[in-house]
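The block underneath contains the structure these notes are about, expressed in structure tokens.
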Amino acid sequence: MTGDRQNYDEQRRSRVRQARERRTETTAREPRRRSQRNDRRRKENVAAMAVIAAMLVCLAVVALAIWNMGNPVGPNAVQADGEPVPPEVNGAGIRAAAAQGEEGTSGGTGAGQGFQQLSDPFLVLVNNEVPLPDGWQVTPNFIGEETVDMRIYNDLNNMFLAAQEDGITLWVASGYRSVEDQERILDREIKAHMRDDGMTEEEAREYSLRTINPPGYSEHHTGFVVDLNDVSDDFEETEAYRWLCEHAAEYGFVQRYRSDKVEYTGIDNESWHYRYVGPENAQQMQQLDMCLEEYVQYLKDRGIR
């Protein structure tokens with residue numbers, strides 16, 4: 001068993017080195033290609049979305065008018081018995097709380113600096129609106145040539161071993177990143193756009209932030225995130241991806257950014273980006289078909305803090 005494990009570790013280190021070399025060549029190209037494809041899709045869909053939005057607005061106005069006839073709402077609304085309308089019924093109360101940044105809303109990506117994290121550290125929310133919490137601590141542990149927080153190491157390693165037993169090879173192409181690491185990545189991308197695409201610095205920064213979160217706002221800072229294998233859109237067509245779709249939740253991992261959840265996450269589809277939330281949370285998120293933003297708000301709505 002020791003010899004097999006050593007061979008497995010050596011093979012995985014070799015694959016990581018090869019993947020890094022491939023990433024070096026494609027890092028500048030892949031985000032641009034993905035952004036260009038997404039821009040085309042957005043332009044193609046904008047007319048249809050406008051029509052749908054107009055129809056929804058009309059329906060919402062009619063529904064609200066009907067609702068208001070028998071259900072007064074507002075910060076001072078009361079029921080027929082004189083008692084205040086509960087917050088979960090009082091839509092104006094929910095909107096007011098969200099505007100004050102007391103809670104995130106199920107239709108957004110968070111409430112920024114005022115966002116209140118849940119007590120479960122594995123459900124810490126970090127996105128382009130919610131920064132890494134002050135004082136967040138990571139104890140790095142090597143897996144291959146990358147590091148992750150030691151709290152997720154055992155489940156991650158067990159997932160890799162289970163995949164290997166099924167003939168699937170997985171490795172970590174990118175794990176924990178410090179704020180300084182993220183600054184270097186963003187700066188490198190900005191300079192590449194200025195050099196290769198003739199953009200001004202302001203244009204290059206705006207374009208780069210479509211695919212790279214600002215320093216302090218990247219999930220990689222948590223130590224709970226891994227980018228797997230080749231970090232490419234092609235990963236979605238592999239047996240490894242299909243295996244993860246079926247088994248990742250058993251080990252506490254979820255695909256963090258999906259194409260059908262962009263409205264919540266603010267990030268385009270990334271089939272290689274996996275976030276650890278713990279097995280129980282991961283399986284419940286899978287059953288509810290929720291991304292992390294939705295799931296955190298789902299728990300808050302049920303009084304879980």
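The residues of the chain are indexed from 1 along the displayed sequence. The shown structure was predicted, so the numbers you read here are calculated from the model rather than taken from an experiment.
Note: Tyr251 OH to Leu161 CG = 9.0 Å, rounded to the nearest 0.5 Å. Between the CG atom in Leu299 and the CE atom in Met290 there is a gap of 8.5 Å [rounded to 0.5 Å]. Atom-to-atom distance recorded for Arg184:CZ and Leu186:CG is 12.5 Å, nearest 0.5 angstrom. The line from CD of Gln164 to CD1 of Ile168 is 11.0 Å long, rounded to the nearest 0.5 Å. For the atom pair CG of Leu209 and CG of Asn128, the computed distance is 9.5 Å after rounding to the nearest 0.5 Å. Between Thr265 atom OG1 and Leu292 atom CG the span is 10.5 Å, to the nearest 0.5 Å.
Between Glu239 and Arg242 the shortest side-chain heavy-atom distance falls below 4.5 Å. The shortest distance between side-chain heavy atoms of Asn229 and Thr169 does not fall below 4.5 Å. Two residues are said to be in side-chain contact when any heavy atoms from C-beta on lie closer than 4.5 Å; Asn127 and Tyr217 fail this criterion. Side-chain contact check for Trp272 versus Thr238: every heavy-atom pair is 4.5 Å or farther apart.
Tyr241 and Val231 end up in the same hydrophobic cluster when Ile, Leu, Val, Met, Phe, Trp and Tyr side chains are linked at under 4.5 Å. Linking Ile, Leu, Val, Met, Phe, Trp and Tyr residues whenever their side-chain heavy atoms come within less than 4.5 Å places Ile143 and Phe122 in a single cluster. Tracing side-chain contacts under 4.5 Å through hydrophobic residues (I, L, V, M, F, W, Y), one never reaches Tyr207 starting from Ile267; they form parts of separate clusters. Residues Leu288 and Leu123 share a hydrophobic cluster, clusters being chains of Ile/Leu/Val/Met/Phe/Trp/Tyr side chains in contact below 4.5 Å. Side-chain heavy atoms closer than 4.5 Å link hydrophobic residues (I, L, V, M, F, W, Y) into clusters, and following such links, even through other members, never connects Val225 to Val254.
Nearest heavy-atom pair, Cys245 versus Gln286, reported as atom, atom and distance to 0.1 Å: O-NE2, 3.4 Å. Listed here is the closest heavy atom pair of Glu146 and Gly175: OE1-N, 3.3 Å. Here the closest heavy-atom approach between residue Val262 and residue Ser259 is recorded as CG2-O, 3.5 Å. The shortest heavy-atom contact between Ser208 and Glu189 is OG-CG, 3.4 Å. Considering all non-hydrogen atoms of both residues, Ser271 and Glu236 come closest at OG-N, 3.5 Å. Between Tyr153 and Phe142, the closest heavy-atom pair is CE1-O, 3.5 Å.
Ring orientation note: the planes of Tyr298 and Tyr295 are close to parallel, at an angle under 30° on the 30°/60° scale.
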Audit row: Lys300, Gln116, side chain to side chain contact (heavy atoms under 4.5 Å, CB included) steps and yes/no: CA-CA 10 Å; Lys300 287 184 175 183; Gln116 295 182 3; 4.2 Å; yes

Intermediate values then yes/no, side chain to side chain donor-acceptor pair (under 3.5 Å), Asn269 and Asp260: CA-CA 8 Å; Asn269 184 66; Asp260 60 339; over 6 Å; no

Test log, rule side chain to side chain donor-acceptor pair (under 3.5 Å), inputs Trp243 and Asp166: CA-CA 9 Å; Trp243 188 92; Asp166 290 339; 2.9 Å; yes

Side chain to side chain donor-acceptor pair (under 3.5 Å) evaluation trace for Asn213 with Gln182: CA-CA 8 Å; Asn213 276 341; Gln182 193 73 4; over 6 Å; no

Gln117 and Val130: CA distance, side-chain angles, deciding distance, side chain to side chain contact (heavy atoms under 4.5 Å, CB included) verdict: CA-CA 10 Å; Gln117 299 285 355; Val130 182; 3.7 Å; yes

Stepwise side chain to side chain contact (heavy atoms under 4.5 Å, CB included) check, Asp149 with Asn141: CA-CA 6 Å; Asp149 190 287; Asn141 196 65; over 6 Å; no

Side chain to side chain contact (heavy atoms under 4.5 Å, CB included) evaluation trace for Val126 with His221: CA-CA 9 Å; Val126 180; His221 300 331; 5.5 Å; no

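Environment of CD in Glu201: sparse, with no more than 12 heavy atoms of neighbouring residues, nucleotides or ligands closer than 6.0 Å.
Each of Tyr176, Phe253, Trp136 was checked for a ring-ring contact (aromatic ring centres under 6.0 Å, His included) with Phe224, and the lone residue meeting it is Trp136. Each of Gln255, Arg256, Glu219, Arg258 was checked for a side chain to side chain donor-acceptor pair (under 3.5 Å) with His273, and the lone residue meeting it is Glu219. When Val148, Asn154, Asp155 are each tested for a side chain to side chain contact (heavy atoms under 4.5 Å, CB included) with Ile152, only one passes: Val148. Screening Leu125, Val124, Val296 for a side chain to side chain contact (heavy atoms under 4.5 Å, CB included) involving Leu118 leaves a single residue, Val296.
A salt bridge between Arg205 and Glu202 is absent, with no side-chain N of the basic residue lying under 4.0 Å from a carboxylate O of the acidic one. A salt bridge links Glu294 to Lys261: at least one charged side-chain nitrogen sits closer than 4.0 Å to a carboxylate oxygen. Between Arg177 and Asp227 a salt bridge is recorded (basic side-chain N to carboxylate O distance below 4.0 Å).
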